[in-house]
Amino acid sequence: MYLGIIKFVLGVKLLNMKSKVTVTCPSNIALIKYWGKKNTGIQIPQNPSISWSLSDLNAKTTVQYRPGDIRQINFSYDGLVKESFLPKINEFFNRIEEILPWVKNGIFNIDTVNNFPHGTGIASSAAGFGALATALVELENKLNKDTDEYWNKVSEIARLGSGSACRSMYSKPAIWGASEAIHDSSDYYAVELKEPIHPSLQNWKDCVLIIDSGEKKVSSTVGHSLLNGHAYAEARFLQANKNLIELIQVLKNGNVDRFIKIVESEALQLHSMMMSSIPYYMLMRPNTVAVIEEIWNFREATNLPLCFTLDAGANVHLLYNKEVESSIKTFIDTKLLPYCQNATYLCSGIGGKPQIEHHD
Ligand code: 2P0
């Protein structure tokens with residue numbers, strides 16, 4: 001009899017569930033970098049970070065769910081079964097059981113595809129886990145998409161897949177990590193900057209110059225762990241906190257010179273931390289340095305609003321105000337392309353958030 005009651009209750013609960021959803025989620029690029037995790041939980045950042053979503057570089061993920069007695073996950077990339085991804089996805093599902101208990105059981109058919117190639121230094125895990133987290137919250141169908149509660153939940157779930165993924169939920173700059181500068185900030189999920197952005201920093205673009213499309217030399221997990229016991233770690237975390245507070249002011253007051261200085265300094269600090277860890281790594285390649293110098297020379301000669309940032313790799317993100325796009329395109333094509341592998345670069349608008357499509 002008890003079994004009957006349980007099945008009835010579960011059945012009622014499942015009536016609320018949706019069964020198939022597709023989510024397109026952008027990647028993001030950090031302006032203030034997350035590098036280093038606390039050991040007080042899963043993916044808890046040592047310092048707050050802030051990022052811009054990359055509206056044109058995204059993952060499209062479809063999740064089909066059917067109730068079942070045990071959990072079974074089938075994963076494919078663009079229609080091709082990819083068993084190698086399963087350990088990470090299974091670990092993710094184990095981590096999120098506390099927030100979404102219904103994922104303990106059932107059949108999950110997951111297919112994902114990125115609209116950018118692998119090895120471009122664009123955070124595919126951020127877009128991928130952002131899309132998967134949104135899809136799961138949508139399938140549960142309990143919260144209203146127009147609420148902070150909904151996006152906080154999506155962001156918290158995405159964080160448990162990949163830390164930086166929790167920042168891919170917002171069109172406006174996303175802040176992850178508790179900071180005195182943002183009253184609703186949290187170590188558990190990202191929030192969007194609610195105050196208006198100054199017009200001079202509203203309409204920027206990001207072109208990723210592909211210097212080296214090879215495998216990452218250091219995984220993110222290893223990279224973050226290099227901060228444990230690092231001689232300069234505490235100073236770095238303090239600096240990131242200060243930079244975040246100033247960058248938020250700058251986004252509001254439109255001081256482009258300070259924006260450029262903070263963003264470039266953050267990129268170089270990230271790489272300095274890797275160069276000064278034990279073991280140490282050099283992720284920049286000679287052409288990374290050459291491109292940075294070209295950017296500095298061009299900026300000095302033209303005074304145009306552009307700067308660079310770096311992820312944990314050799315490729316260079318060139319950020320610029322869209323108003324000067326034609327000059328930047330000429331600059332890239334004449335000066336920077338010779339440094340790019342296969343003359344490749346990928347450009348994106350800034351902004352964008354998960355887009356949801358139901359199949360019910
Ligand atoms: C960031 N990065 O803020 C920094 C800057 C790369 C350089 O977050 O272990 O894939 O999944 O939490 O998010 C890359 O690390 O690491 C990253 P996990 P994640 O975007």
Side-chain angles (χ1 to χ4, degrees), residues 25-54 57 59 85 87-89 91-92 95-96 114 118-133 155-170 173-177 179 185 187-190 206 208 215-228 233 236-237 239-241 243-244 247 262-275 277 281 283-284 288 308-317 319 350:
C25 181
S27 184
N28 70 73
I29 181 69
L31 304 172
I32 304 290
K33 307 296 182 181
Y34 150 56
W35 205 239
K37 302 181 195 194
K38 288 185 183 147
N39 53 16
T40 51
I42 301 170
Q43 324 267 66
I44 301 297
Q46 283 278 13
N47 62 263
S49 57
I50 185 166
S51 64
W52 271 344
S53 291
L54 299 174
L57 301 170
F85 284 44
K88 195 156 188 199
I89 306 268
E91 170 72 14
F92 169 67
R95 286 178 181 180
I96 67 175
N114 297 335
H118 284 295
T120 48
I122 296 158
S124 54
S125 62
F129 279 110
L132 183 54
S155 178
E156 181 168 5
I157 292 166
R159 186 196 101 237
L160 294 169
S162 179
S164 54
C166 77
R167 297 184 312 230
S168 274
M169 304 347 345
Y170 307 106
I175 298 135
W176 169 40
S179 164
S185 58
D187 282 347
Y188 297 97
Y189 49 79
D206 180 359
V208 191
E215 280 290 302
K216 280 208 238 178
K217 273 194 234 157
V218 196
S219 73
S220 298
T221 310
V222 172
H224 286 287
S225 72
L226 295 174
L227 275 278
N228 299 333
R236 161 64 198 152
F237 303 145
Q239 192 65 45
N241 273 280
N243 282 346
L244 180 101
L247 193 74
I262 297 168
V263 168
E264 293 191 344
S265 168
E266 275 290 315
L268 295 175
Q269 282 184 39
L270 168 71
H271 281 253
S272 313
M273 294 310 284
M274 270 178 282
M275 285 187 233
S277 59
Y281 293 93
L283 302 185
M284 287 193 239
T288 311
F308 73 87
T309 188
L310 304 166
D311 230 320
N315 302 330
V316 180
H317 288 247
L319 302 170
I350 301 295

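Read the numbers this way: they start at 1 and go in the same order the structure lists the ligands and their atoms. What's counted below: heavy atoms across the whole structure, side chains too, no hydrogens, waters or symmetry copies. Given the structure is predicted, the values throughout are model-derived calculations rather than measurements.
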Query raised in the report: If you round to the nearest 0.5 Å, how far is CD1 of Ile157 from CZ of Phe129?
Result: 12.5 Å

Query raised in the report: Distance only, no hydrogens: is a donor on one side chain within 3.5 Å (strictly under) of an acceptor on the other, for Asn28 and Ser53?
Result: no

Report task. List, ordered by chain and residue number, the protein residues whose closest non-hydrogen atom lies under 4.0 Å from any atom of ligand 1. Result -> Ala30, Lys33, Tyr34, Trp35, Lys37, Gln43, Ser125, Ser162, Gly163, Ser164, Arg167, Ser220, His224, Leu270, Asp311, Ala312

Query - Nearest heavy atoms of Asn315 and Leu310, plus distance in Å - result: O-CD2, 3.5 Å

Hey, can you pull the donor-acceptor pairs under 3.5 Å for the side chains in residues 266-273, sequence neighbours left out?
unit_1 : atom_1 : unit_2 : atom_2 : d
Glu266 : OE1    : Lys33  : N      : 2.9
Glu266 : OE1    : Arg236 : NH1    : 3.3
Glu266 : OE1    : Arg236 : NH2    : 2.7
Glu266 : OE2    : Arg236 : NH1    : 2.9
Glu266 : OE2    : Asn243 : ND2    : 2.8
Gln269 : OE1    : Arg236 : NH1    : 2.8
Gln269 : NE2    : Ser265 : OG     : 3.1
His271 : NE2    : Asp311 : O      : 2.9
Ser272 : OG     : Leu268 : O      : 2.5

Report summary line: Sequence neighbours excluded, the answer for salt bridge (Lys or Arg N to Asp or Glu O under 4.0 Å) partners of Glu156 is none

Determine all donor-acceptor pairs shorter than 3.5 Å in which one atom belongs to a side chain in residues 159-166; sequence neighbours excluded.
unit_1 : atom_1 : unit_2 : atom_2 : d
Arg159 : NE     : Ile42  : O      : 3.3
Arg159 : NE     : Gln43  : O      : 2.9
Arg159 : NH1    : Tyr188 : O      : 2.8
Arg159 : NH2    : Ile42  : O      : 2.7
Ser162 : OG     : Ser125 : OG     : 3.2

